[in-house]
Amino acid sequence: MALRFYNTLTQQVQPFEPLDAKTVRMYTCGPTVYDYAHIGNFRAFVFYDILRRWLKASGYGLDHVMNITDVDDKIIRNAMAQGKSLVDYTAVYTQAFLDDCATLRLERPERVARATEHIPEMARAIQKLGDEGHTYSSDGSIYFRISTFPGYGKLSHQHFDGMVSGARVDVDSYEKADARDFALWKAPKPGEPSWQTEIGPGRPGWHIECSVMAIEFLGSTLDIHAGGIDLVFPHHENEIAQSECLTHRPFSRFWMHAEFLLVDGQKMSKSLGNFYTLRDIFGRGVTPEAVRYLLASVPYRKSLNFTFEGLNSAKTAIDRLRNFTFRLESSKLPQIKNEKIEEHARAALEQFRASMDDDLNTAEALAAVFEFVRDANTAVDANEFGAGNLEAAHALLGQFDAVFDVLQPSKSEGGMTDEEIEAMIASRTAAKKARDFARADQIRNELTEKGVILEDTKDGVRWKRK
RNA sequence: GGCGCGGUAGCCAAGUGGUAAGGCCAGGGUCUGCAAAACCCUUAUUCGUCGGUUCGAUUCCGACCCGCGCCUCCA
């Protein structure tokens, strides 16, 4: 079966292939840099990464744009409260975000676009929407008139019959003609940053930035537009309205949305005290790989309950896979090729791919890997796993890690060199030979404290860093 | 109220009209001087509840209960 994804627009799983058959043009909603990103945010960002990697593994090129929203109400409020300029304020959190992404091994999109670098284009787009009768002004702000776009609601599948046009729903402290209408351009307020443009002074609304940057970089019709499920309405619905009024073409062929992350079964919030940034979690001795694995192992369309127990489970699962690769590298294997193992490796690789093709079913893909690992471990125990099986095993593990990317440990600071470790192991072996077990145990404990784990095997001692 | 998602072993979780993947935990074992580490084995007659369709349903249909998200900023 070929690659297929669930499309929020059609509410169906559909075969996927990019419009030009080679390169996937994809836009994903990035962060608003008003604070450190939290793990809930990274649920979506890890999903983007898995999607990217699987598209690449499927042979496609990528042109992926992600925005960074560096101007919005919260940013302005916080920056003003701290007496900082917008640029100074957002620089900190933008960098922190990029650092966090690198820590989680998220591939950098082909383009990372900052909203404030595209304001003239946004103004021009708003101008054009105005020329075509989709906007109205009120107190210097410009609003999109939803009633001019009949398709409104097609993504979120909502009906707005019950909403009374002209009703005053004053949620934004701006005047709107219709409750659904949204701000394209916000009038400058005293003390707030604003830009001088051909449509007057002010700053862009949130929704317009994504439409404008997506179209600018990727053209009028994208292959995939992705985001968190909470963005379906109103953000993505509004993007569609703006973009399709602007280009008169379908905005995105596929819309993909990552489900929510819960913490201890509840929505993460500062008031509940279950609000975690990556920095908070790493402070508790959790590795980036464990976070990555946990977020990736639950299929993206299923809500994920984040717990420290889950992180622990992820860590152990990764260890199992690392131990297996370590074992293949360090064991003396017989010069044979076990056909049963070969067949299993082939079947597991095929199953892995089929599962990923099926709307990125990462849970099922993982099962294929683990089943093979168990089978292969048993064979190694029985001395029936041969050097001739290594290639097929590595093909499977390589495919797995091209997506999950957790096998290589993150570098830890300090620590001993390989030579120092080998020297200590040599003295321990000597002590063991002399039956001085107290001395041998002392050396082993020392190594353990320094994060080096020894394993006594029939082929001798082998070691690894924790 | 509207729209959407989900309820499968202690926890996470896949899946199918024909009788339940995988991971973690737990218990047992192998290895070992002993631990540790590693590896292996075992662990749901049962898939929220109640009806219906069917030779047969966890899987299809209906009703109900429960949890979550969106409907105002939010990944």
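Excluded from the calculations below are hydrogen atoms, water molecules and symmetry mates; all remaining heavy atoms, backbone and side chain alike, are included. The chains referred to below are lettered A, B, ... by the order of the sequence lines, with proteins before strands, and numbering in each begins at 1.
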**Student:** Between side-chain atoms of residues 293-301 of chain A and protein atoms elsewhere (two or more places apart, or another chain), which donor-acceptor pairs fall under 3.5 Å?
**Tutor:**
from: S297(A); atom 1: OG; to: Y293(A); atom 2: O; distance (Å): 3.1
from: S297(A); atom 1: OG; to: L294(A); atom 2: O; distance (Å): 3.2
from: Y300(A); atom 1: OH; to: D359(A); atom 2: OD1; distance (Å): 2.6
from: Y300(A); atom 1: OH; to: D359(A); atom 2: OD2; distance (Å): 3.4
from: R301(A); atom 1: NE; to: D359(A); atom 2: OD2; distance (Å): 2.9
from: R301(A); atom 1: NH2; to: D359(A); atom 2: OD2; distance (Å): 3.4

**Student:** How many Å lie between CZ on R439(A) and C1' on C34(B), as a whole number?
**Tutor:** 18 Å

**Student:** Among residues 306-322 of chain A, which ones have heavy-atom contacts with RNA chain B below 4.0 Å?
**Tutor:** E309(A), S313(A), T316(A), A317(A), R320(A)

**Student:** Nearest whole angstrom, please: distance from the P of C39(B) to the CZ of F370(A).
**Tutor:** 11 Å

**Student:** Applying ring-ring contact (aromatic ring centres under 6.0 Å, His included), name anything that partners Y152(A), two or more places apart in sequence or on another chain.
**Tutor:** F160(A)

**Student:** According to ring-ring contact (aromatic ring centres under 6.0 Å, His included), who are the partners of F437(A), at least two apart in sequence or on a separate chain?
**Tutor:** none

**Student:** Tell me, which pairs form a salt bridge (charged side-chain N to carboxylate O under 4.0 Å, His left out) where one or both residues lie in residues 365-379 of chain A, sequence neighbours left out?
**Tutor:** none

**Student:** So which one's nearest nucleotide on RNA chain B is more toward 5', H38(A) or A367(A)?
**Tutor:** A367(A)

**Student:** Compute the centroid of each ring, for H118(A) and then for F217(A), and state whether the two points are separated by less than 6.0 Å.
**Tutor:** yes

**Student:** Can you tell me how far C1' in U59(B) sits from the matching atom in C73(B), rounded to whole Å?
**Tutor:** 40 Å

**Student:** Distance check: side-chain N/O of R374(A) vs OP1/OP2 of G22(B), anything under 4.0 Å?
**Tutor:** yes

**Student:** Looking at N361(A), I'd like to know whether one of its side-chain N or O atoms comes within less than 4.0 Å of OP1 or OP2 on A14(B).
**Tutor:** no

**Student:** What side-chain donor-acceptor pairs closer than 3.5 Å can you find for residues 222-236 of chain A, not counting sequence neighbours?
**Tutor:**
from: D223(A); atom 1: OD1; to: L19(A); atom 2: N; distance (Å): 2.8
from: D223(A); atom 1: OD1; to: R253(A); atom 2: NH1; distance (Å): 2.6
from: D223(A); atom 1: OD2; to: R25(A); atom 2: N; distance (Å): 2.9
from: H235(A); atom 1: ND1; to: H207(A); atom 2: ND1; distance (Å): 2.9
from: H235(A); atom 1: NE2; to: E239(A); atom 2: OE2; distance (Å): 2.9
from: H236(A); atom 1: ND1; to: H257(A); atom 2: NE2; distance (Å): 2.8

**Student:** Of H207(A) and Q11(A), whose closest RNA chain B nucleotide lies nearer the 5' terminus?
**Tutor:** Q11(A)

**Student:** Separation of H236(A) atom NE2 from U72(B) atom P, in whole Å?
**Tutor:** 16 Å

**Student:** Could you work out, with side chain to side chain donor-acceptor pair (under 3.5 Å) as the rule, every residue matching D49(A), not counting sequence neighbours?
**Tutor:** R53(A), R292(A)

**Student:** Tell me, please, which residues at least two apart from N389(A) pass side-chain contact (heavy atoms from CB on, under 4.5 Å).
**Tutor:** K337(A), N338(A), I341(A), E342(A), F385(A)

**Student:** Taking only N/O atoms, report every protein-nucleotides 67-70 of chain B pair under 3.5 Å with atom names and distance.
**Tutor:**
from: C70(B); atom 1: OP1; to: K267(A); atom 2: NZ; distance (Å): 2.6
from: C70(B); atom 1: O2'; to: F233(A); atom 2: O; distance (Å): 3.3

**Student:** Taking E384(A) first and then K340(A), would you say they form a salt bridge - that is, a charged N and a carboxylate O separated by under 4.0 Å?
**Tutor:** no

